[in-house]
Amino acid sequence: MARLSLAQARRIAVAAQGFHEPRPGGAVTRAHLRRLISRIQVLQLDSVSVAVRAHYAPVFSRWGPYDRALLDRAAWSHSARSPRLLVEYWAHEAALMSVDDWPLLRWRMREYTHGRWGTEIVRKNRQLAEDIVAAVAEIGPSTAGQIEAHLKAEPRGQRGPWWDRSDTKWVAEALWSAGVLTTATRVGFARHYDLVERVLPADVLAREVDDADAVRELTLRAATALGVGTEADIRDYFRLGAAQVKPALAELAASGELERVDIDGAPAYLRVGQKIPRTDRGTALLCPFDPLVFFRPRVERLFGFHYRIEIYTPAAKRRYGYYVWPFLLDGKLVGRVDLKADRAANALHVLGAFSEDGQDRARVAAALAPELHAMAGWLDLGSVRVGDRGDLAGELSRRVSA
């Protein structure tokens, strides 16, 4: 069994996610986006917009400033000249993935016939499900509220403090999870549901993939996107189960597509053909849901970087901040910044800036400042403002102002 050092595994991980490549110069195109998605597979969706919504950020991290309308058109519009490139589904968590990959997750759609959560509500409302499908067929792409108004449905009585949803919303979400409905478009991030056959190409919907073949393909894609990973790493990428992945990994290793390797005593799988970079490369700000860092145990193992999102932590108990972006410098995670797009002040506000132990703060700040200015320009913000929280704040403020 081949042995890899942690440094080699880290370099492979960074390169597999595209950070070793130069950023495209000039205007980027659908072809650029198609290549990026074929590499990283998913763009996770999240409702938090304190800086920028999560699905836009990994593209910025790899390309630098780009026109977000390119991604919007690829995900939420369709024309004969510019067919839809991406579709939403539970590919990691809720995520954008390639339209062509829809058949690979049909087994999950069957598992979610009654939704992912609130299944008891859905089971009790079979007629409502039929009515929702009929309503969408009649009125076209619609929010849950528009569907509810069309059906003249009454909202549920007592609602919880977090799951504030009517029966219509629950059932519409279940139909989305089951692959009956999908997202036609988003307006203000509100999902507009439509019949899947009106959104996705007929040849994609007609393509059948055996469940075992689909899982094996997803396992291979996860391993490819990771470059090298443990079984747990690979399972997490598409949220697969151990019973699914173990036989898939055995088959892929037997067929020569994956190689069993040892990383500092831990068994892992290397994508055959993946080169091992000799040097550390790759500099970028990473949002909390970037595929390079969304599986926290792997981040800690490969980078020695303990990372937890603190959105749901009371403000007084947060260590770093509300929405913290790790900073990748020359292939290593060297710091983190708590960012907010302050539209009222026309500024990208760095609420806190922190370096990792042992890092040269001047070097980190010098590299981070232009990344922050690039992000501010991309978000149409006029300046970068640095607060006083964190050991990196003073040096970063000087560099940003220089």
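The basis for the numbers below is simple: all heavy atoms, side chains too, and nothing from hydrogens, waters or symmetry mates.
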Residues R385, D342: salt bridge by 4.0 Å N-O rule: no
Residue pairs involving residues 290-304 (criterion side chain to side chain donor-acceptor pair (under 3.5 Å); sequence neighbours excluded): R62-D290, D233-R301, E300-H306
Heavy-atom closest pair, residues V299 and L292: CG2-O, 4.0 Å
pair F303-L333: side-chain heavy atoms closer than 4.5 Å: yes
Donor-acceptor contacts under 3.5 Å from residues 317-327 side chains, at least two apart:
from: R318; atom 1: NE; to: E310; atom 2: O; distance (Å): 3.1
from: R318; atom 1: NE; to: T313; atom 2: O; distance (Å): 2.9
from: R318; atom 1: NH2; to: T313; atom 2: O; distance (Å): 3.2

L85 side, atom CG; R73 side, atom CZ - distance, nearest 0.5 Å: 12.0 Å
Ring-face cation of R336 near F305 (centre distance under 6.0 Å, axis angle within 45°): yes
D262 (side chain) donor-acceptor with G265 (main chain) under 3.5 angstrom: yes
Heavy-atom side-chain proximity of E371 to T283 below 4.5 angstrom: yes
Heavy-atom donor-acceptor pair, S61 side chain to A57 backbone, under 3.5 Å: yes
Stacked cation flag R68 on W378, 6.0 angstrom / 45 deg: yes
T224 and R271: side chain donor to acceptor below 3.5 Å: yes
Set of residues satisfying ring pair (Phe, Tyr, Trp, His ring centres under 6.0 Å) with respect to W176, sequence neighbours excluded: Y89, W90
Partners meeting side-chain contact (heavy atoms from CB on, under 4.5 Å) with P247 (sequence neighbours left out): none
Heavy-atom side-chain proximity of E93 to V42 below 4.5 angstrom: no
Pairs meeting criterion side chain to side chain donor-acceptor pair (under 3.5 Å) with involvement of residues 46-57, two or more places apart: Y56-D72
ring-ring contact (aromatic ring centres under 6.0 Å, His included) evaluation trace for F238 with H92: CA-CA 5 Å; F238 290 107; H92 174 67; 8.3 Å; no
Polar contact flag, side-chain donor to acceptor under 3.5 angstrom, E173-W117: no
Step-by-step side chain to side chain donor-acceptor pair (under 3.5 Å) determination, R281 to H20: CA-CA 6 Å; R281 285 186 292 161; H20 272 216; 3.2 Å; yes
Pair E356 + K332, salt bridge at N-O below 4.0 Å: no
Main-chain N/O of Y193 paired to T183 side chain as donor or acceptor, under 3.5 Å: no
Check: L285 and M375 side chains under 4.5 Å, non-hydrogen atoms: yes
Electrostatic pair E111:R108 at N-O distance under 4.0 angstrom: no
Atom pairs and distances, donor-acceptor, side-chain atoms in residues 249-261, under 3.5 Å, two or more places apart:
from: E251; atom 1: OE1; to: R216; atom 2: NH1; distance (Å): 2.6
from: S255; atom 1: OG; to: E251; atom 2: O; distance (Å): 3.2
from: S255; atom 1: OG; to: L252; atom 2: O; distance (Å): 3.1
from: S255; atom 1: OG; to: E257; atom 2: OE1; distance (Å): 3.0

